[in-house]
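Reviewing the structure listed below.
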Amino acid sequence: MDDVGQSYDLVVVGGGINGVGIARDAAGQGLSVLLCEKDDLASHTSSWSSKLLHGGLRYLEYYEFRLVREALIEREVLLRAAPHLVKPMRFVLPHSPEQRPRWLIRIGLALYDNLGGRKILPPSAAVDLRRGPMGGPLKRAYPQGFVYSDAWVDDSRLVVLNALAAAEHGADIRTRTACTGAARDPDGWRVTLTDQRTGSSSVVGARAVVNAAGPWVSRFIDQGLGIATTHGVRLVKGSHVVIPALYDGDHAYIMQNDDKRIIFAIPYQDGQLTIIGTTDLAYEGDPGEARIDDDEVAYLLAVVNRYFVRQTTPDDIVWSYSGVRPLYDDASGNPSAVTRDYVFDLDSGEGRPPLLSVFGGKLTTYRKLAEHALAKLAPALGTEAKTWTAGAALPGGDVDDADFDAFLAAQRNRYRWLPLPMARRLAHAYGTRIDCVLGDARGLDDLGELLGGNLYARELDYLVREEWAVTADDVLWRRTKLGLSLDDAAQARVRAWLAKNEPAAGEAAATP
C-alpha cells in the first residue's frame, strides 16, 4: 500500500448516532479510529427524530421484547451519562376504548415498568383526566387515561457529544469528508476519502471498515464497495410539525389513532412550542431530500384535533421536519410494523479484512449497538472486546449525582451575570463543559459580538473550534436550535461571522 497515508485499526463511515457511538466505543478501547461523514454530524436521520429516548411502548404489540428491554435499560444509562442533555418526561395516554381495551393497556404498562429494571423513573399509573391539569387541554370524550415515564433528549447534540468523546480518546473525526471508495488488499483496506469542500482526495489504510451510513448503507455497499449482500434497508419517512405551545406543562401526550399507530405531542424549547409526530411512510427517493407533504400534515393535525380542545390548523405550524429511518428490511408489509431492531452484516474470513455494515437501530439503543458491533469485530481483528461505556459520562455529563437542577443552580451562582434563559440554555447544551464556552469571561461584555438572542461570538468560536461547526445550519439547527428564535437579521450575522472565522477547508475543525 505504497500510496496509503496514515493507517487505522478502524475506519467508520457515517456521522450519525450509530457511527459516532461505534467510534467512541472503539477509541475508548484503544483502537485507532477515523470517522468520516460526507456532510455535518447528525445532518440527516439523527437530527430529525421525535427527540425521545424510549423503550417503544407500541413495539410490545409486535413482540419485540428484547428490543424494548434493551431500550428501557439504555434509557436509564443515558439519563446518568448525560443528565444535562437527557431529562425524564411523563407521558399522558388518554384512553380511547375503541382502540385498545383498558386491561390490555394496563398489562402493557406493567410490562413496560418492569421489563428493563427501572430504577430512576417513576412507574405508570391510571389517571382521572376529569381532574387535574393533565386532562385540562383534552376533550371530555377522554375522561380516563394513564401516565408513564420515558425520557427526552436533544438528538443532534447527543451525536456531537459522542463525537467529542471519540475525539477525546484519540479518534480522527472528519466531517464533510466522503468515503468515495474502498478496496481490499492483502494488508487491509485502502480507503479513499474526498474532502467535499475542496474536492481533494487521499487514501488511508484500515484493518476494518464499519459501514454506518444510515439510509445510504446499501448504496455504499453496492456502489462504494461493489460487494453483494443478502441484507437490505427499508427506508421509512417520519415527519413532524412544530406549533406554538398546545398546552401548559412539561408532560407529553401519546395519542392512539384508528390505524393503530400512535402520535406524540411533546413540549419543546422550554414549553414555548409543541412537537407533533410522527408519520411512518415507505420512502423511495433521495434520503437527503425528504420533506413533509400535505397528506402528512393533515394526518398529524387530524389526530391532535381529535383529542385536544384547542384546534390546530396548518397556519399554526412554525416549523416542520422529515427524516428517513434506515430500518432493516424484514419484509413486513406495514411500515409501522418494520422492526426497529438492528442487524449486522459482517463480511470477513478467508484472509479478507472485515467489513461490518449496520442496518436499522434506534436512537435509544445506539450505545448497546456499538458494544455489539465491537464484539462482532473483535474476532476478525484478533482483539478482545471490552465493555466500558455503560458507566462513562458523555462530555459535559459528569454532573454530581446526575442532578441537573442542582448543577444549574450552581452555575447561576457562579455566573451571576448570566441571564437565566441563557444560563439554562448553556447548562443544558454543554453541561460541565460550560467553562469551555465561557472561558475567563466575567460579564456579557467579555463574550464578544452579540449575534442575536443570547448567542454571542464566544459560543460560536467554541462551536467552530471544538464541535466541527462550519455553516450557520450547523450552529442554528444542530448544535443549537436557535434557528427557531433568531430573526433573519440575526441569522445573517451568524453567517457573516462564520464566513470570517470558519477554519480553512481541510483544516481540523476540532481538537481533542
Side-chain angles (χ1 to χ4, degrees), residues 48-52 54 56-59 61 89-100 105 108-109 127-153 155 236-281 290-323 325 334-336 481 484:
W48 303 131
S49 76
S50 297
K51 325 297 180 193
L52 299 179
H54 62 134
L57 181 60
R58 71 180 182 87
Y59 303 154
E61 290 189 315
M89 184 171 282
R90 291 293 264 175
F91 287 73
V92 180
L93 171 59
H95 181 230
S96 178
E98 65 275 19
Q99 302 303 319
R100 295 169 178 88
I105 296 175
L109 288 174
V127 61
D128 185 345
L129 296 175
R130 294 168 297 186
R131 299 180 177 87
M134 289 183 174
L138 300 173
K139 293 180 177 178
R140 293 181 179 271
Y142 306 99
Q144 302 296 325
F146 302 88
V147 292
Y148 70 94
S149 297
D150 264 320
W152 184 94
V153 67
D155 50 8
V236 176
K237 182 175 69 163
S239 296
H240 300 74
V241 297
V242 179
I243 63 173
L246 187 59
Y247 56 90
D248 294 326
D250 58 3
H251 56 281
Y253 289 88
I254 174 173
M255 298 159 283
Q256 303 174 83
N257 196 28
D258 293 334
D259 57 6
K260 299 299 182 182
R261 293 200 67 257
I262 54 93
I263 298 297
F264 292 106
I266 305 164
Y268 193 44
Q269 296 289 288
D270 290 329
Q272 299 301 305
L273 302 171
T274 301
I275 296 176
I276 299 168
T278 177
T279 58
D280 264 318
L281 296 174
R291 300 290 185 273
I292 193 169
D293 60 38
D294 291 343
D295 289 342
E296 289 177 286
V297 170
Y299 175 87
L300 293 173
L301 297 190
V303 177
V304 169
N305 288 335
R306 171 181 172 177
Y307 283 86
F308 283 86
V309 173
R310 178 182 142 193
Q311 299 293 281
T312 301
T313 73
D315 291 339
D316 295 315
I317 297 172
V318 298
W319 184 45
S320 64
Y321 61 90
S322 298
R325 307 181 189 100
N334 177 3
S336 296
K481 286 296 186 290
L484 286 165

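Between the side chain of Arg325 and the backbone N or O of Ser49, no donor-acceptor pair lies under 3.5 Å. Arg100 places a side-chain N or O within 3.5 Å of a backbone atom of Lys260 that can act as its donor or acceptor partner. In terms of modelled atom types and a separation under 3.5 Å, the side chain of Ser239 and the main chain of Ser322 share no donor-acceptor contact. In this structure a side-chain-to-backbone donor-acceptor pair under 3.5 Å is present from Lys139 to Asn305. The closest donor-acceptor contact from the side chain of Lys237 to the backbone of Ile292 lies at 3.5 Å or more, if one exists at all.
Each side chain to side chain donor-acceptor pair (under 3.5 Å) pair with one or both residues in residues 241-254, not counting sequence neighbours, appears once here: His251-Tyr253.
Shortest non-hydrogen contact noted between Ala252 and Met89 is CB-SD, 3.8 Å. Contact detail for Thr274 and Ala245: the closest heavy-atom pair is OG1-CA, 3.4 Å.
Salt-bridge formation is detected for the pair Asp128/Arg130: a Lys NZ or Arg NE/NH1/NH2 atom is positioned less than 4.0 Å from an Asp or Glu carboxylate oxygen.
Taken from CD in Gln256 to CZ in Arg306, the straight-line distance is 8.0 Å, to the nearest 0.5 Å. To the nearest 0.5 Å, atoms CG (Asp155) and CG (Leu52) are separated by 9.5 Å. Residue Leu301 holds its CG atom at 5.0 Å from CD1 of Ile317, rounded to the nearest 0.5 Å. Distance check: Leu138 CG to Phe308 CZ gives 5.5 Å after rounding to the nearest 0.5 Å. Of the inter-residue distances, the one linking Leu300 atom CG with Met255 atom CE reads 9.0 Å to the nearest 0.5 angstrom. Rounded to the nearest 0.5 angstrom, Ile243 CD1 and Ile276 CD1 are separated by 3.5 Å.
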Next on the checklist: Please evaluate residues Arg261 and Thr278 with respect to the criterion side-chain contact (heavy atoms from CB on, under 4.5 Å), reporting the C-alpha separation (whole Å), side-chain torsions for both, the decisive distance (0.1 Å), and the verdict.
Outcome noted: CA-CA 9 Å; Arg261 293 200 67 257; Thr278 177; 4.2 Å; yes
Item to check | Residue pair Val92, Leu129: steps toward the side-chain contact (heavy atoms from CB on, under 4.5 Å) verdict | outcome: CA-CA 9 Å; Val92 180; Leu129 296 175; 4.0 Å; yes
Item to check | side-chain contact (heavy atoms from CB on, under 4.5 Å) between Ser50 and Ile266, worked out | outcome: CA-CA 8 Å; Ser50 297; Ile266 305 164; 4.3 Å; yes
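With contacts defined as side-chain heavy-atom distances shorter than 4.5 Å, the pair Val127/Leu93 does not qualify.
Taking the six-membered ring where tryptophan is involved, the planes of Phe264 and Phe91 are perpendicular, since the angle between them exceeds 60° and thus also 30°.
The ring pair (Phe, Tyr, Trp, His ring centres under 6.0 Å) check on Tyr321 picks up Trp48, His240, Trp319, with sequence neighbours excluded. By the ring pair (Phe, Tyr, Trp, His ring centres under 6.0 Å) test, Tyr307 is found to be paired with Tyr142, residues two or more places apart in sequence or in another chain being considered.
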